[in-house]
Amino acid sequence: MRSLEEHCKAAKEKAKQQQRKRRMEVRKTARREQAINDGRCFEIGRIVCERFPELRKYQPKYGDATSDKIHDDLVAVVDFLAANRELLDQIKAEAFGESTEYHSPGDAVDF
């Protein structure tokens, strides 16, 4: 029969193992999610760079004036589209073959 001290030691060791296992699972889940996100970003970047080859001049690690301008221009366009959802919806509708007319937010729209 084991002593109380041995039971406590075994219980502490088991708790440590369970905690270690939980941390490993959290790290594994985080790595899996990061890999999915990296793949998503890579694929989006590939699609965009194929259609806008000038973006290939962007060098994030070796920023220079040209690279910084390309980055800033892309961010400005994406920010503009994100802030103007109606325009984005109209662009998407045209891309899918639905005819639409764009009206800037200040224009009067006749229905």
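Because only heavy atoms are used, hydrogens play no part in the values below, and waters and symmetry mates are left out as well, while side chains stay in. Just so you know, these numbers come straight off a predicted model, no measurement behind them.
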Determine yes or no for a side-chain-to-main-chain donor-acceptor pair under 3.5 angstrom, with Glu6 supplying the side chain and Ser3 the backbone.
yes
Would you give me the side-chain donor-acceptor pairs under 3.5 Å for residues 28-54, sequence neighbours excluded?
{"unit_1": "Thr29", "atom_1": "OG1", "unit_2": "Glu25", "atom_2": "O", "d": "2.9"}
{"unit_1": "Gln34", "atom_1": "NE2", "unit_2": "Asp38", "atom_2": "OD1", "d": "2.7"}
{"unit_1": "Asn37", "atom_1": "OD1", "unit_2": "Arg40", "atom_2": "NH1", "d": "2.9"}
{"unit_1": "Glu43", "atom_1": "OE1", "unit_2": "Arg46", "atom_2": "NE", "d": "3.3"}
{"unit_1": "Glu43", "atom_1": "OE2", "unit_2": "Arg46", "atom_2": "NH2", "d": "2.4"}
{"unit_1": "Arg46", "atom_1": "NH1", "unit_2": "Glu50", "atom_2": "OE1", "d": "3.4"}
{"unit_1": "Arg46", "atom_1": "NH1", "unit_2": "Glu50", "atom_2": "OE2", "d": "2.6"}
{"unit_1": "Arg51", "atom_1": "NH1", "unit_2": "Ile47", "atom_2": "O", "d": "3.3"}

Rounded to the nearest 0.5 Å, what separates atom NZ in Lys92 from atom CG in Leu81?
10.5 Å
What's the spacing between His71 NE2 and Thr66 OG1 if we round to 0.5 Å?
14.5 Å
With a 4.5 Å cut-off on side-chain heavy atoms, are Leu88 and Arg85 touching?
yes
Is there a side-chain contact between Leu87 and Phe80 in this structure, where contact means two heavy atoms from C-beta onward sitting under 4.5 Å apart?
yes
Please output the side-chain donor-acceptor pairs of residues 10-23 that fall under 3.5 Å, not counting sequence neighbours, one pair per line with the distance.
none

Do you know the tightest heavy-atom contact between Ser67 and Pro60?
OG-N, 4.4 Å
ILVMFWY cluster, Ile91 and Val78 together (side-chain gap under 4.5 Å)
no
